[in-house]
Amino acid sequence: MDEGLRSELSKQGIFTTKMEELYNWGRKNSVWPLQFGLACCAIEMIATTMARYDLARFGAEVFRPSPRQADLMIVAGTVTKKMAPQVVRLYNQMPEPKYVIAMGACAISGGPFKQGYNVLKGIDRYIPVDVHIPGCPPRPEALIHAFMTLQRKIDEQSLTGPDRARHLCPETPSEFPIPQFGEHDLVPPSNPQVWTPPRGATAASGQ
Amino acid sequence: MDPAEHNYLFLTVFLIVAIAFPLLPLALARLWAIKFAPPKPGDQKNATYECGLESKGDAAIQFKSAYYLYGILFLIFDVETLFLLPFAVAFTGLSIGAFLAMMIFLLLLAEGLAWAWMKGVLTWR
């Protein structure tokens with residue numbers, strides 16, 4: 001529909017929309033997160049949902065205790081190597097469309113525990129992360145900002161065409177390989193489908 | 001059409017609406033799924049357990065039925081204490097007949113316990 005005609009119609013009090021916009025409008029305002037916290041960031045996540053910061057204003061107050069009913073995984077906290085397979089399995093069990101917010105320094109990179117032998121250096125090594133939030137821990141405002149960023153991202157996704165949303169392509173996977181415990185580390189150390197080591201990284205720092 | 005002659009017409013309309021009301025959204029969702037959203041089932045996605053952990057073993061495990069007899073014995077003596085308490089309170093004022101009746105009751109229960117003991121109910125195997 002022509003943009004000029006549309007604005008002309010809206011001036012006359014006639015609201016026009018597209019199926020895609022209606023779909024995305026409904027989706028972005030009813031993102032249900034998975035009730036799932038890993039460390040201290042989870043406390044900030046809980047605070048965000050409570051009355052003072054009130055995530056319910058964005059349609060995301062319904063934290064689901066089951067991955068089957070959730071749209072959004074907020075990885076809130078340090079992901080240990082022991083926990084990583086469970087996080088990936090929960091992500092795999094979520095129905096499409098699904099999104100991930102990596103909350104806090106630990107979830108995006110390992111944070112202050114990056115040198116730890118048992119800490120995963122960012123959950124984006126195994127699952128596709130939509131929004132990263134830095135901070136240790138990020139304030140509730142930061143989570144709300146990330147949430148609004150995700151809403152904008154959902155709003156811009158198209159239903160058809162080559163650049164349509166990931167979950168609408170039949171060939172993109174819905175399940176990602178779950179890492180196993182190897183002799184020294186998780187095997188594989190990262191999923192090459194979703195993560196490549198930053199350029200210039202040496203073998204030692206890219207562990 | 002005279003409404004008085006078709007007393008049950010509204011029931012038919014009601015039935016049709018009642019069937020269409022839930023079926024229409026389901027059909028629309030189905031159409032949407034066929035047109036846009038490709039299903040992506042998988043082993044992990046279809047797994048029964050949804051806690052992040054892999055389920056191990058069989059869910060249909062069996063408990064020993066031996067506990068059933070043990071439980072019944074416990075219940076009998078649990079109820080017996082209900083009778084023993086008033087018996088003890090009223091003990092000094094009881095006639096010899098009431099005392100004998102209570103003793104026979106206790107003896108019967110003790111006998112039952114001895115029988116179960118001999119049968120090996122109290123031994124957990």
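The chains referred to below are lettered A, B, ... by the order of the sequence lines, with proteins before strands, and numbering in each begins at 1. Predicted model, so just to flag it, every value in this text is computed and none were measured.
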Checklist line | Side chain, backbone, both or neither of A:M94 within contact of chain B (heavy atoms, under 4.5 Å) | finding: backbone
Checklist line | Atom OH of B:Y67: over 12 foreign heavy atoms under 6.0 Å | finding: no
Margin query: Can you tell me which portion of A:E175 sits under 4.5 Å from chain B's heavy atoms? Options are side chain, backbone, both or neither.
Written below: side chain
Notebook entry, point to check: Sub-3.5 Å donor-acceptor pair from the side chain of A:R89 to the main-chain atoms of B:C51, do we have one?
Noted result: no
Checklist line | Atom of B:G52, atom of A:L90 and distance for their closest heavy-atom approach | finding: N-CD2, 3.6 Å
Check: Does CE belonging to A:M148 count more than 12 external heavy atoms closer than 6.0 Å?
Finding: no
Check: Does CG belonging to B:D43 count more than 12 external heavy atoms closer than 6.0 Å?
Finding: no
Check: Is A:E141 atom CD crowded by more than 12 heavy atoms from other residues, nucleotides or ligands, each under 6.0 Å away?
Finding: yes
Next item on the list: Would you indicate whether the side-chain heavy atoms of A:T172 and B:K40 approach each other to under 4.5 Å?
Entry: yes
Note to self: Between A:P173, A:P170, A:A165, A:P67, who has the most heavy-atom pairs with chain B when the cutoff is under 4.5 Å?
What the structure shows: A:P170
Margin query: Quick check against the 3.5 Å criterion: does B:E50 have a side-chain atom that pairs as donor or acceptor with the backbone of A:P65?
Written below: no
Checklist line | Crowding at OH, B:Y70 (>12 non-hydrogen neighbours, <6.0 Å) | finding: no
Margin query: To check you understand the geometry: which heavy-atom pair defines the closest contact between B:K45 and A:N92, and what is its length?
Written below: CG-O, 3.4 Å
Next item on the list: Mark yes when over 12 heavy atoms from residues, nucleotides or ligands other than B:F77 sit less than 6.0 Å from its CZ; otherwise mark no.
Entry: yes
Check: Should we say atom CD of B:Q62 is surrounded by more than 12 heavy atoms from elsewhere, each under 6.0 Å from it?
Finding: no
Note to self: Quick check: closest heavy atoms across B:Y49 and A:R68, and the distance to 0.1 Å?
What the structure shows: O-NH2, 4.1 Å
Notebook entry, point to check: Shortest non-hydrogen contact from A:L168 to B:F36?
Noted result: CD2-O, 3.6 Å
Notebook entry, point to check: If you round to the nearest 0.5 Å, how far is OG1 of A:T160 from NZ of B:K35?
Noted result: 7.0 Å
Check: Has B:W117 got more than 12 heavy atoms of other residues, nucleotides or ligands less than 6.0 Å from its CH2?
Finding: no
Note to self: Test your reading of the model: is there a side-chain donor-acceptor pair from A:Q93 to the backbone of B:A47, 3.5 Å cut-off?
What the structure shows: no
